[in-house]
Protein chains: 2
Amino acid sequence: MSDLLPSWRPGPVRDAVVGFLDAVHDVEPDDRLACFDNDGTLWCERPTYVQLDYLVDLLRAASSEDPAVRERPEYAAVLDGDRAAIGDLGLVRVALALTELCQGWGPEEFTDSVRDFMGRAQHPTLGRPHRTAVYQPMLELLDELRARDVTVSIVSGGGTEFVRAISRDLYGVAPELVVGTLVAYDYDRDPDGRPRLRRTASVVGEANEGAAKVSAIQTHLGRRPQLAAGNSGGDREMLEWADGQDGPSLALLVDHDDADREVAYTSVAQTFAEAEPITQVGDRLGWTVVSMARDWSRVFPDGA
Amino acid sequence: MSDLLPSWRPGPVRDAVVGFLDAVHDVEPDDRLACFDNDGTLWCERPTYVQLDYLVDLLRAASSEDPAVRERPEYAAVLDGDRAAIGDLGLVRVALALTELCQGWGPEEFTDSVRDFMGRAQHPTLGRPHRTAVYQPMLELLDELRARDVTVSIVSGGGTEFVRAISRDLYGVAPELVVGTLVAYDYDRDPDGRPRLRRTASVVGEANEGAAKVSAIQTHLGRRPQLAAGNSGGDREMLEWADGQDGPSLALLVDHDDADREVAYTSVAQTFAEAEPITQVGDRLGWTVVSMARDWSRVFPDGA
């Protein structure tokens, strides 16, 4: 076996990926673009999104400084890990309340805070730091794409600035190549008259999921990708967008079927108002469905 | 004299630019960012914006195919060059009507149409194609910045996709590094069920001018620039944003004072509800104000 993609086991899936790496030479270099979802595609998203862990960490710190924080029902439910209460309040309401924890912060303050968390946070079940719960086979693929002058971007449902805070370090992806859910900024001037930007608690437009990912790829990156990789119903439209064109393309879907080394679960996609497992959608549409258990010889990087 | 910036005449302005090129080595390479306005900063914006010329060209073609196009008062005013009628209708209304000419188009169709226009359009007074009415000294500066690992972006009040159609060719700037005024896309499926994006006639958010440029730099590019270059009141906040930070910075303002080689005019900035010439704002705030007549030995590239 060659040195190419060493953590991908031989088989039809690896063949399809290698076939794309060969075929992409037929695409004009300036047009080459690959879009990767982040949660569950580049790093582990279970048992909770890393961004949620970060916000809960912030909330715990705020609450230990000022116990009155608990008086807000959304915060009490999160601090108590009370899933029933969170369900009653509604996840969106709870998420927006957590976003308010960073309201008024400047972009650098937020980035520093995320990096501080990521420097110390442990994954709750995998026995490794969050920052190393990234998929080694995908890191190898990102490198091989860049070696072929493919622009590698992250198109995430998570917060744009959250992902940017770690994207260069974990994936080698520059901030302008991260497209996610955007929190709006307020522009004003500080008491000395200098301009400043401060985070609000409002999302610009809508969450970056489903068809919104397709529009965001065009408005942010300005071209159509030849490769899209995802793992959930929110990635469906993006994978179809990469797939449904002339010329080389690859729609890559990660199937989380490896309970031993990661977590076993399946996301669903809304298809004609019915929920359909996303892996079934992938099989039906002819995508390349990656079985973590079968196709990856290694899931996470060695060492720390 | 060295080979550095050959079209910049020796003097304090060139010294400031060269000083910045030296000092930017003190900035972390990953953080290095320069933001250039387009109209009037990288290419000629008079007597009309090139994008407006493009839309008028589209309108003329539509009108010769179907004379009924003239029945719409906004279109009749533009076709007749009737400035009074345009003023009565309002420029925003006329501009939105022109944007409707491309409604329903896919991104590639729009890009092809702009490139077709730019391949043949002549500047009305300079005696050269539009695509060569770009400022040679700025092209030299873009190259020197990139040679120092500075990410070079365009932050324009013009349409994002319009500028992207020519940014790689004219300036070497990739589409993901173009930030402008965005027309929203509709996502749907064609009769065969394949996903598609089509242009609407609505702007996402607001026009990319003034404080909106500062927010857009952060949301799109994810960091603060060390250099911002502009020429009009709509660039003021962006220049202050680059200028008002610790470490190396350069706020570069182009003063159009060269009636012989280009056009002489001055934009104004709204300052505390009063209109102030932008060059006066620049002098007051200590920006580097470039006199085209004095500081540039050459304005446009040689040859065609």
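Naming convention: chains lettered A, B, ... in sequence-line order (proteins, then strands); numbering from 1 in each chain.
- In this structure, the side chain of A/Arg223 does not engage the main chain of B/Pro175 through any donor-acceptor pair within 3.5 Å.
- Neither the backbone nor the side chain of A/Leu33 comes within contact range of chain B, judged by heavy atoms closer than 4.5 Å.
- No part of A/Ser153 comes within reach of chain B, as not one of its non-hydrogen atoms sits under 4.5 angstrom from that chain.
- Proximity to chain B is limited to the side chain of A/Glu161, based on heavy atoms less than 4.5 angstrom apart.
- Of all heavy-atom pairs between B/Leu197 and A/Ser215, the closest is CD2-OG, 3.7 Å.
- Ranked by heavy-atom pairs shorter than 4.5 Å toward chain A, the options B/Ala184, B/Ala212, B/Gly244, B/Pro107 are led by B/Pro107.
- With a 4.5 Å cut-off on non-hydrogen atoms, A/Leu182 touches chain B through its side chain but not through its backbone.
- Within the 4.5 angstrom heavy-atom criterion, no atom of A/Arg198 approaches chain B.
- Between the CZ atom in B/Arg164 and the CD atom in A/Gln218 there is a gap of 6.5 Å [rounded to 0.5 Å].
- Around OH of A/Tyr49, the count of heavy atoms belonging to other residues, nucleotides or ligands within 6.0 Å does not exceed 12.
- Residues B/Glu237 and A/Tyr187 approach most closely at CG-OH, 3.2 Å, considering heavy atoms.
- Heavy-atom pairs under 4.5 Å with chain A were tallied for B/Ala174, B/Gly205, B/Pro195; the largest tally goes to B/Pro195.
- Contact annotation for A/Asp186: neither backbone nor side-chain heavy atoms come within less than 4.5 Å of a heavy atom of chain B.
- If you tally non-hydrogen atom pairs under 4.5 Å between each of B/His220, B/Glu176, B/Glu108 and chain A, the highest count goes to B/His220.
- Within the 4.5 angstrom heavy-atom criterion, no atom of B/Thr111 approaches chain A.
- Once rounded to the nearest 0.5 Å, the distance linking CD of B/Glu240 with CZ of A/Arg189 reads 4.0 Å.
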